[in-house]
Amino acid sequence: MAKRIEVEDLDIYYGSFRAVRNVSMTIHPRAITALIGPSGCGKSTYLRALNRMHELIPAARVEGRVVMDEQDLYAPGVDPVDVRKHVGMVFQRPNPFPTMSVYENVAAGLRLNHKRIRKSELDGIVEESLRGANLWEEVKDRLGKPGSGLSGGQQQRLCIARAIAVKPDVLLMDEPCSALDPISTHAIEDLMAELKENYTIVIVTHNMQQAARVSNYTGFFNIGGTGEPGELVEIDETPTIFSTPTHTDTEEYISGRFG
Amino acid sequence: MAKRIEVEDLDIYYGSFRAVRNVSMTIHPRAITALIGPSGCGKSTYLRALNRMHELIPAARVEGRVVMDEQDLYAPGVDPVDVRKHVGMVFQRPNPFPTMSVYENVAAGLRLNHKRIRKSELDGIVEESLRGANLWEEVKDRLGKPGSGLSGGQQQRLCIARAIAVKPDVLLMDEPCSALDPISTHAIEDLMAELKENYTIVIVTHNMQQAARVSNYTGFFNIGGTGEPGELVEIDETPTIFSTPTHTDTEEYISGRFG
Amino acid sequence: MSTPTKSRPAPPETDPPGDSTRLVRGSLPRRASWGALGAATLVAAVVAALTGFSVTLFVLLVVVLYTAGMYVWSRSAEGRRKAADRAFTSVVTSAFLIALTPLISVVITVISRGAERFDGKFFSYSMRGVVGDGGGAYHAITGTLITSGLATLMSVPIGLATAVYLVEYGRGRLAKSITFFVDVMTGIPSIVAGLFAYALFTLVFGAGTINGFAGAVALSVLMIPIVVRSSEEMIKLVPDDLREAAFALGTPKWKVILRVVLPTAVAGISTGVTLAIARVVGETAPLLIATGTTASTNFNPFSGQMATLSVFSYYEYASPGVPPEPYLARAWTAALTLMLIVMVLNLVARSISLFFAPKTRS
Amino acid sequence: MSSIGQDAVQGRRARKRPADQAFRGITTGAGVLILVVLAGVAAFLLIEAWPAFVAPAEEIPGEGGLVLYIWPLVFGTLLAAALALVLAAPLAVLIALFITHYAPRRLAQLLGYVIDLLAAVPSIIYGLWGFTVLAPATLTPTGWLAENLGFIPLFAGPASTTGRTMFTTALVLAVMILPIITAVIREAFLQTPKLYEEAALALGATRLEMIRTAVLPFGGSSILSGSMLGLGRALGETMAVAIVLSASGGITFNLISSGNPATIAANIALEFPESSGVAIDALIASGLVLFAITLVVNMIARAVINRRTDFSGAS
Amino acid sequence: ANEESGSGDGSGLSGTIDGAGASSQEAAQQAWRAAFSEKNPDLTINYSPIGSGGGRERFVSGASDFGGTDAALEGDELSKAKERCGDLVELPVYVSPVAVSFNLEGVEKLNLRPATIAKIFNQQITEWNAPEIAEANPGVDLPDTPITPVNRSDESGTTENFTDYLSTAAPNAWPHEVSGDWPVPGGEAAKGTSGVKSAIDAGQGTIGYLDASQAGDLGQVAVGVGDEFVSYSPEAAAKVLEVSERKKDQGEHVFAYDLARDTTESGTYPIVLVSYGMACGNYEDAETGELVRSYFEYILSEEGQRKAADSAGSAPISQALREELRPAVEAIGANG
Ligand SMILES: Nc1ncnc2c1ncn2[C@@H]1O[C@H](COP(=O)(O)OP(=O)(O)OP(=O)(O)O)[C@@H](O)[C@H]1O
Ligand SMILES: Nc1ncnc2c1ncn2[C@@H]1O[C@H](COP(=O)(O)OP(=O)(O)OP(=O)(O)O)[C@@H](O)[C@H]1O
Ligand SMILES: [Mg+2]
Ligand SMILES: [Mg+2]
Ligand SMILES: O=P([O-])([O-])[O-]
């Protein structure tokens, strides 16, 4: 668990439109890396390139290397389905499967991947994942109820439980709190702090305070203008970025002079 | 133009769910009032109550008074259609009518209101509104092209031009920059600064820096928890709110300790 | 609550007085529309009575008078735009009511004429050995269930798979041409489908192969495009969110489709499928040719002719014996039965979709 | 937990998931099967119709040759279907508006269901109903039309005494296709982005004006495709027309008399049982023509929809 | 429920035979089938009233075991049928008067000469009070209502027999060819016998032709034969067959008739529809031949003809003619 990722000269395209240019960075294991930047600068695009979700969009493609465990995720012969088993993802809007119960939602990743798994074993994994997502106490009495009946914050934690149930090495989160109220946001932030003991976590956030609060490393993306590709301006340890950034753009963005 | 609005004890409901509780505030003319607060605290709901867009949602209703020009907008006999002519609105996602050209988009509101309007007069108003929205120079050569062909920032300014073409007294904006890149955001902020010479402007924003940069007054909304109604914690002149807020919640939110 | 209004420096200058906003215009009293409707009805009744009463004329008059009346009244009191809005509301509402009349009329006609033979015997007897009075449609009911059931068994997998292909895989020429030709297929006249099935079976199984299965093939030709269309729409409605969530768990595409996409869309799909069944269950022309008819009950769709409700109804109506009354009564009751089957199918579809519908609140 | 590296080593060879390939193959196969069936129908029509194309004119029923035989049928088919469409399409737009924007939501769902039911009523029932209920009900209006508006060729009369006219047929067809068109348009109207509706309302539009600026332009292509679907159904309707229409004449625009051209589908149903030899081939040839008409109608619809997309695009 | 009780005592014939053809025979076939399978509970007989053309086609191609047709086999079809059957058997099984019926207020019965009927249906006489009609109906108060002739919209044996009658009995007034398709455009057209009946019922001043059994209480035309006017009746209709001549050289067991529509024989009703049954001397399967033969034996038995008369209103075929047909019936299935 908890792998390091080396990204080398990554260019990301939507058809002929280059959305992100030339990103290189190291993502450290057992740490939270936050990506910030103005809207449209390609944070989500970049994040989705890390587990090959990007290529689900027709005509989308990448150039460059994403190396995990000395293996380039984009090397020919690598099955994206396997990549995604190792690199999990949580989305901006909580999206539990509406036809499944809380239990089934958590078990979904396993059920969909493994032919046969014993009920008792599955029970164990579901409980463990829900505990890991700080949700067990709240839902243990209604595991059979539809997952979409939970509150927004609970749904988001359910999605996190679902993601960690398949035991990935890396967890990507795209603005996981932006649809939540402050109390739920707190709960998720606490959870992230716990999860980083075991996972490599990359999180995209619009909220600089959140980045400052939870992350160990912060990367700042920016964009020249509409139609220009986004690029990584700088990445460093979070305290450094927020106190003494190298680039004036970073400083301006962080101090709220734009964005 | 530019009217004062007095809101008195406003409660806003979705069916039996009270989303916003007991708001009273004065909205000053020729000034920008910014509303900030965590997600789900009812900012959008409140804003939409100001021009009776709220009641378009089935079973939605309000209690309380919204007084403009000594006239309660919710008094019986008041036609919401007329209210909306006086209180215009700009939305989060730019929404020019996709089937209309740039010109027709701006003229859309006028075409509704006036039986016959001379072409030359209409031309004049369209140009004036586009100039007012700082867009004239960029689109004057392609007034006949579809409005949806513009960039995001241009589309948003087109929507502002469309809103001011009907010469409202008040302009409501719900996160008008949140879908835009930083350059477009700058353009819109500059525009707001100009528009406040003539209009009463209320803007909802997630971006505290933006509130600090552009507004004269700032109101902070908060929510107790999921399912609780949102409420106005305090409203004051922007410098005061950002330097010496009365409430600790406000201070915590502004200093980024939650949200 | 804090102090929303504490003392503050002089606010920016206020508006010049006198430029007051006019928000309250003249408006019609609240019961205006009922009053106008009453008046319109009255006038229409008088006119209709004078010119010789006709329901159609009366209804049309009410609609026209009410719409025009409201428009004129509202226009003088509330202005042109409000008046147009009111008039349009009345036009839209009457259009809807007008569209309902044929349905009601059809239902009343079929029920009143079909009631006579709507008895136990009708549902338990075939026409074997029956002349004139008596007999029933048991053989036709089972035949209809068998042929439509078989058609469903063939059409749903093919149609659903095609819809999946179009939404989840289809790009380029093949997908485009399938989309186009599915549209064309919806336009195949039902009788041509029957002729096609008849010719096909003659070709493959030899002359005179007329059986329930041939009818089911003909019905499938009519049913498949409907299934494709409706399933396609429903699968498209499944949010990409869910697909992505499943992909992000490391799920291969076929499982994403089978385990997440289709279950989420199943409510809509089942509604579409039932509507498609309802659409073909009453087909006459193709069954006339491909399935034939018999007076006896035949449960074997692969051998021998088979009676179906629509064909039964048609023949009872088209070539009655002497006296014709019992034949015609059976024809109408068969039609009524068909309609009931369709209605039950619709109810089933609704229950299925309620049952399977993604649960949003517990 | 295996590492991706190992997976990849296995993958060096055929790491194409067989299940994925199979599933894709099956769905593609289903699509292709549909094309094959359609090709089969077309081939069947062509082969069976061929003798009629080469047969001498006097062997074709009517003894005037194939073109003279089919042309009035084409005319009747187009006339009936077009009339039905003209009656049904505007009504469908209004009904869809009523359901989506006027009726209270609960009621709207119920009403949508009721309208859907109309679509499923078997055509033979419509035929019987049209014959026994609707036709007699049209006698007074058609009589009036013939008397007062007889100078218009459509109402030249003499009015039929049974009411089984082109006018009645078009009404029956209109009722039959109304639900299909309504269903398509209703879906489109429901999916009009709230964004645009609210934009219009925020400008101070009344409900009617909002519909005009935001709903109708959006539904444009759906109104068209719904209408085409309805048209296809009307063109191919067999039993209802066969039972209702008094098909005894040649080409005429007179909608209210006894002498009407038959439609292709109805004519097949009427003639097929007693026909043999070249007469059957001629009937199938007319079926082929109907097929071609449907194809062309769909092509036109596609072309029109595609041409409109650049101005209704990005949303 | 009716199917459970009867079957299974092992007596009588068993199996299934399929027939298809003229819709005119449907009601009679129903009666025969019902009665015959009552005697033979394990026997299933199907008859699809798909029309004469379809019936001939299916019979010729071997798709059905027996057939029904309103027009006797001819030309190509005849030779092909012989090819299929070896020994073709074609017999009149169903004779029914075609009524000329009308709906005219206050008038229940009218006398019309063949030429008048022809002119009415040719749309040359367009008013009910035309002199030609009045002349044949002294004392009847004829209104000046316009005449709406009603014809079949589908191709039909009834039409073929009716036009055959018109062109034989009134060759000068009826210039059209004999055909199952109605040749005069512009009249009221309706599908099937029941369609014609309903159309006559629904309209005012309507007149049409239809199988007499379905005419019900419509106004009735007595047709001019020689100097008298004859109303339809089974006996009057059956007489036609007796005065008609069997077509020559069609085959040993083919009994097709040139009907004497222009007969002047007293008490004969000349507008009749004669519908034939078709069967084979050879069947691939001997059992089938056996079943078809016994069914045809029943049809042409006295009881069979009476049953048809009861429930289909047909004219029973006379004893004499039945005797004449007997060898042909016996030839069915005899060769294999
Ligand atoms: N499916 C797509 N097809 C084409 N272009 C896309 C697509 N999705 C995103 N883009 C473009 O790629 C660029 C980067 O978008 P992206 O969503 O990654 O930005 P982001 O930083 O996540 O913004 P936000 O903060 O608003 O989520 C934008 O210019 C966007 O318009
Ligand atoms: N159409 C609706 N029906 C029912 N409840 C609603 C509806 N829209 C919003 N709400 C609820 O009302 C509350 C306030 O929502 P609102 O959208 O006004 O918040 P907000 O402050 O604008 O949030 P955000 O910053 O995410 O836009 C929330 O609890 C929300 O769930
Ligand atoms: Mg993003
Ligand atoms: Mg909001
Ligand atoms: O028996 P018909 O051919 O006249 O229907």
Side-chain angles (χ1 to χ4, degrees), chain C residues 54 56 81-82 84-85 88-89 91-93 95-96 99-100 102-103 105-106 109-110 158 161-162 164-166 169-170 174 177-178 180-192 195-196 199 221 224 233 252-254 275 278-279 282 284-285 310 313-314 317 335 338-339 342-343 346, chain D residues 17 19-20 23-24 26-28 30-31 33-35 37-38 41 44-45 48 91 94-95 97-98 102 113-126 128-129 132-133 137 140-141 175 178 187 206-209 229 232 235-236 238-239 265 268-269 284 287 290-291 294-295 298 302:
Chain C
S54 138
T56 330
R81 298 174 55 205
K82 207 60 197 284
D85 195 45
F88 191 69
T89 304
V91 167
V92 163
T93 314
F96 181 77
L100 277 186
L103 177 69
S105 169
V106 166
T109 310
V110 175
I158 296 176
T162 305
V164 167
Y165 169 76
L166 289 177
Y169 295 103
L174 180 62
S177 49
I178 291 177
F180 176 74
F181 283 108
V182 163
D183 279 352
V184 173
M185 208 167 165
T186 55
I188 294 185
S190 53
I191 191 158
V192 169
L195 293 174
F196 168 70
V221 172
I224 287 173
E233 292 309 316
K253 187 163 185 172
W254 69 280
L275 279 179
R279 172 75 184 73
T284 316
S310 49
S313 172
Y314 172 71
Y317 160 80
L338 256 184
M339 231 165 74
V342 167
M343 253 179 223
N346 269 287
Chain D
R17 298 176 166 269
D20 250 348
F23 190 74
R24 191 195 170 111
I26 290 172
T27 57
T28 315
L33 180 66
I34 289 184
L35 293 185
V37 169
L38 206 71
V41 172
F44 151 74
L45 287 173
E48 303 265 316
L91 205 56
L94 294 177
I95 296 167
L97 278 178
F98 179 80
Y102 283 83
Y113 168 63
V114 168
I115 295 279
D116 283 348
L117 255 188
L118 264 173
V121 174
S123 52
I124 180 165
I125 294 183
Y126 278 117
L128 297 177
W129 170 77
T132 51
V133 178
T140 323
V175 174
L178 190 62
E187 283 314 307
T206 61
R207 186 156 48 177
L208 166 61
E209 291 157 353
L229 223 61
L235 287 171
T238 310
M239 272 313 185
I268 296 178
I284 293 189
L290 179 53
F291 192 77
T294 317
L295 199 86
N298 272 293
R302 288 259 145 202

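Excluded from the calculations below are hydrogen atoms, water molecules and symmetry mates; all remaining heavy atoms, backbone and side chain alike, are included.
Put simply, of Leu91(D), Thr28(D), Val175(D), the one with the most heavy-atom pairs under 4.5 Å next to chain C is Thr28(D). Contacts with chain D were tallied for Gly170(C), Ala199(C), Ala84(C), Pro252(C); Pro252(C) has the most, counting heavy-atom pairs under 4.5 Å.
Taken to the nearest 0.5 Å, the OH atom of Tyr102(D) stands 5.0 Å off from the CZ atom of Phe88(C). Atom CG of residue Leu290(D) and atom CD1 of residue Ile188(C) lie 10.0 Å apart, to the nearest 0.5 angstrom. In this structure, Thr284(C) OG1 and Ile124(D) CD1 are separated by 4.0 Å, a value rounded to the nearest 0.5 Å. Atom CD of Glu48(D) sits about 8.5 Å away from atom CG of Leu195(C), to the nearest 0.5 Å. Interatomic distance, OG1 of Thr162(C) versus CD1 of Ile26(D), reported as 12.0 Å (0.5 Å rounding). Ile125(D) contributes atom CD1, which lies 9.5 Å from atom OG of Ser310(C) (distance to the nearest 0.5 angstrom).
Heavy atoms of Leu166(C) lying under 4.5 Å from chain D are absent altogether. Only the side chain of Phe44(D) comes within contact range of chain C, with at least one heavy atom under 4.5 Å from a heavy atom of that chain. With a threshold of 4.5 angstrom between heavy atoms, Val221(C) approaches chain D through side-chain atoms but not through N, CA, C or O. Of the two parts of Leu235(D), neither the backbone nor the side chain holds a non-hydrogen atom closer than 4.5 Å to a non-hydrogen atom of chain C. Residue Ile191(C) touches chain D through both its backbone and its side chain, counting heavy-atom pairs closer than 4.5 Å. With a 4.5 angstrom heavy-atom cutoff, Leu38(D) touches chain C only via side-chain atoms. Proximity to chain C involves both the backbone and the side chain of Leu295(D), based on heavy atoms less than 4.5 angstrom apart.
For Arg279(C), the salt bridge (charged side-chain N to carboxylate O under 4.0 Å, His left out) partners are Glu283(C), not counting sequence neighbours. With sequence neighbours excluded, the residues forming a side-chain contact (heavy atoms from CB on, under 4.5 Å) with Thr109(C) are Ser105(C), Arg113(C), Trp332(C), Trp129(D), Thr132(D), Val133(D), listed by chain and number.
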For Val37(D) and Met185(C), run side chain to side chain contact (heavy atoms under 4.5 Å, CB included): C-alpha distance rounded to whole Å, both residues' side-chain angles, the deciding distance at 0.1 Å, then the answer.
-> CA-CA 10 Å; Val37(D) 169; Met185(C) 208 167 165; 4.0 Å; yes
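For the residue pair Val121(D) and Met339(C), the shortest heavy atom distance occurs at CG1-SD, 4.4 Å.
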